Amino acid sequence: MTSSQVVKNCGTDQRVSLFPHGPASFPDMATCTRTVWKVVAGCQRQLLRAGGPAYTGASQAAPRNLPVRTLAAVKTLRKDKKENTEKEVKKEKRVIDDKDRHKPYGRTAWTPVDDVYVLRYYPRTVYGAADAIDMLKNFQKLDFTPHKQPVYIDLKLDMKLEKKKKVDSFVSTVHLPHPFNTERNKVLVFTEDADQAEAAKQNGAVFAGGAELIQPILDDEISADFYVAVPDILPKLVSLKNKLRKKFPKGKRGSVGIHVLKMLQLFQTGHEVMVESDCYVRTQIAMLDMPKEQIFANLQSILLDVCSHRPANMGPFIERAIIGSRTSEALWFKSEDVSPKAAEQKDE
């Protein structure tokens with residue numbers, strides 16, 4: 001393309017300029033075109049950097065340098081979001097003090113007026129240990145249930161320690177002041193001393209002996225309620241671990257020692273208490289036809305033994321205590337009445 005055009009006029013060729021202002025105004029068309037393209041390209045780059053879409057048709061073939069987000073920037077944003085959400089979730093719990101209120105929060109009243117009422121409208125009643133035992137005996141008379149029936153307790157323990165640790169589950173044998181079993185437990189004694197074995201048999205051991213008793217136990221020819229052993233014979237009893245499991249002699253349970261007759265007497269009349277499901281103790285403590293004082297004494301001895309496994313510098317070990325018989329309803333009672341602290345205060 002040129003800035004002039006040839007026109008034929010009366011047989012002569014004459015050049016006519018296409019620009020009325022003359023060629024001086026636009027010296028070179030190619031230079032103008034390049035300038036326009038540079039401006040368009042610069043505008044396109046600015047639009048791409050700003051993240052906006054480019055609608056110019058001239059840059060369709062040109063490669064687009066789209067902005068790229070780095071992973072570090074994305075992670076920092078996510079952390080900020082998590083921190084914000086955690087701050088929103090962690091709110092202070094509302095503590096309601098019901099001491100000076102005429103009725104508990106969300107309930108109808110502290111105690112019902114009538115004998116028949118809806119339980120969820122009133123706070124749960126927690127009785128004293130002695131009062132709960134009296135109520136169990138009264139329930140038996142009103143319901144015309146058997147006079148001779150077992151009494152159970154259900155304890156929930158606080159097994160949590162610092163740094164997400166827990167108290168190890170334990171098994172112990174308690175010598176109740178008033179045993180409720182008429183028959184003695186069957187006890188087997190492992191010892192290689194002939195004199196100890198003979199003395200154990202004379203004092204009521206079902207079986208007493210050394211390694212010769214291992215195979216009959218594996219074959220289910222002989223069995224017992226408890227197994228005690230002297231320390232020297234323990235390495236020979238390894239094959240019985242899978243068979244006896246929790247009944248296998250252990251030092252923590254008091255079934256391993258040098259005083260064979262003392263262990264024999266404890267396990268013959270002892271009552272076993274163990275932790276089930278990580279934090280629960282469920283066991284029988286007496287028979288309902290026993291006197292109230294004897295039931296309370298057995299309850300106290302079991303609670304004292306359970307609290308003896310509490311780690312030092314720890315709060316209350318028993319979170320919840322329930323007592324009941326086979327036919328009566330369960331009653332919540334205050335374990336503090338028979339806890340070590342209450343016993344110490346009484347002694348003082």
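Here the structure is a predicted model, which is why all the values come from computation and not from measurement.
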Undergrad: Check whether any side-chain heavy atom of Leu266 sits under 4.5 Å from a side-chain heavy atom of His175, and report yes or no.
TA: yes

Undergrad: Would you find a donor on one side and an acceptor on the other, under 3.5 Å apart, between the side chain of Gln149 and the backbone of Thr327?
TA: yes

Undergrad: Between Gln140 and Ser328, does any side-chain donor sit less than 3.5 Å from a side-chain acceptor?
TA: no

Undergrad: Is the number of heavy atoms from other residues, nucleotides or ligands within 6.0 Å of NZ (Lys137) greater than 12?
TA: yes

Undergrad: Could you check whether any side-chain N or O of Thr269 sits under 3.5 Å from a backbone N or O of Gln265, counting only pairs where one atom can act as donor and the other as acceptor?
TA: yes

Undergrad: In the structure I gave you, are the side-chain heavy atoms of Phe267 and Ser255 within less than 4.5 Å of one another anywhere?
TA: yes

Undergrad: Would you say Asp225 and Val187 make side-chain contact, with heavy atoms under 4.5 Å?
TA: no

Undergrad: Kindly give the heavy-atom pair with the smallest separation between Ser301 and Leu176, and that separation in Å.
TA: OG-CD2, 3.4 Å

Undergrad: Rounded at 0.5 Å granularity, tell me how far CD1 in Ile133 sits from CD in Glu293.
TA: 9.0 Å

Undergrad: Closest heavy-atom contact between Phe317 and Cys307?
TA: CD2-CA, 4.1 Å

Undergrad: Rounded to the nearest 0.5 Å, what's the gap from CE on Met263 to OH on Tyr227? Could you check?
TA: 15.5 Å

Undergrad: Which atoms form the tightest heavy-atom contact between Ala199 and Leu261, and what is the distance?
TA: O-CD2, 3.9 Å

Undergrad: Which value, rounded to the nearest 0.5 Å, describes the distance between Leu244 atom CG and Leu237 atom CG?
TA: 8.5 Å

Undergrad: Is it the case that atom CG in Asp115 sees more than 12 heavy atoms from other parts of the structure closer than 6.0 Å?
TA: no

Undergrad: Go through Glu329 and Leu331 one step at a time and tell me if the side chain to side chain contact (heavy atoms under 4.5 Å, CB included) criterion holds.
TA: CA-CA 6 Å; Glu329 62 178 285; Leu331 301 175; 4.2 Å; yes

Undergrad: If you measure only the distance, is there a donor-acceptor pair under 3.5 Å linking the side chains of Gln268 and Arg184?
TA: yes

Undergrad: Between Gln215 and Asp219, is any side-chain donor less than 3.5 angstrom from a side-chain acceptor?
TA: yes

Undergrad: Would you mind reporting whether Val171 and Val275 have side-chain heavy atoms less than 4.5 Å apart?
TA: no

Undergrad: Is any side-chain heavy atom of Leu136 closer than 4.5 Å to a side-chain heavy atom of Val151?
TA: yes

Undergrad: Between Arg107 (side chain) and Arg120 (backbone), is there a donor-acceptor pair under 3.5 Å?
TA: yes

Undergrad: For Ile322 and Ala330, work out which heavy atoms get closest and say how close.
TA: CG2-CB, 3.4 Å

Undergrad: Just do the salt bridge (Lys or Arg N to Asp or Glu O under 4.0 Å) check on Arg310 and Asp158 with the steps written out, would you?
TA: CA-CA 9 Å; Arg310 177 184 59 182; Asp158 183 11; over 6 Å; no

Undergrad: Using the six-membered ring of Phe248, assess whether NZ or CZ of Lys241 lies under 6.0 Å from its centre and within 45 degrees of the ring axis.
TA: yes

Undergrad: Taking the side chain as C-beta and beyond, is there a heavy-atom pair between Val230 and Ile258 under 4.5 Å?
TA: no

Undergrad: Find the distance between CD (Glu183) and NZ (Lys186) and round it off to the nearest 0.5 Å.
TA: 8.5 Å

Undergrad: How about Tyr117 and Tyr122: are their ring centroids closer than 6.0 Å?
TA: yes

Undergrad: Would you confirm whether the ring centroid of Phe180 sits within less than 6.0 angstrom of the ring centroid of His271?
TA: yes

Undergrad: Is it true that Arg282 and Asp154 make a salt bridge, defined as a side-chain N closer than 4.0 Å to a carboxylate O?
TA: yes

Undergrad: Calculate, to the nearest 0.5 Å, the distance between atoms OG and CG belonging to Ser335 and Leu155 respectively.
TA: 7.5 Å

Undergrad: Which pair of heavy atoms, one from Leu213 and one from Ala208, lies closest together, and at what distance?
TA: CD1-C, 3.9 Å

Undergrad: Relative to the ring of His309, is the ring of Phe170 parallel (under 30°), tilted (30 to 60°) or perpendicular (over 60°)?
TA: parallel

Undergrad: Counting C-beta onward and ignoring hydrogens, is there a side-chain heavy-atom pair between Phe207 and Lys201 closer than 4.5 Å?
TA: no

Undergrad: So, for Trp110 and His102, which heavy atoms are closest and what is the spacing to 0.1 Å?
TA: CD1-O, 3.5 Å

Undergrad: Output yes when a side-chain donor or acceptor of Asn298 lies under 3.5 Å from a complementary backbone atom of Ile285, and no otherwise.
TA: yes

Undergrad: Are the side chain of Asp193 and the backbone N or O of Asp195 linked by a donor-acceptor pair below 3.5 Å?
TA: yes

Undergrad: Would you say NE2 of His259 has more than 12 non-hydrogen atoms from neighbouring residues, nucleotides or ligands within 6.0 angstrom?
TA: no

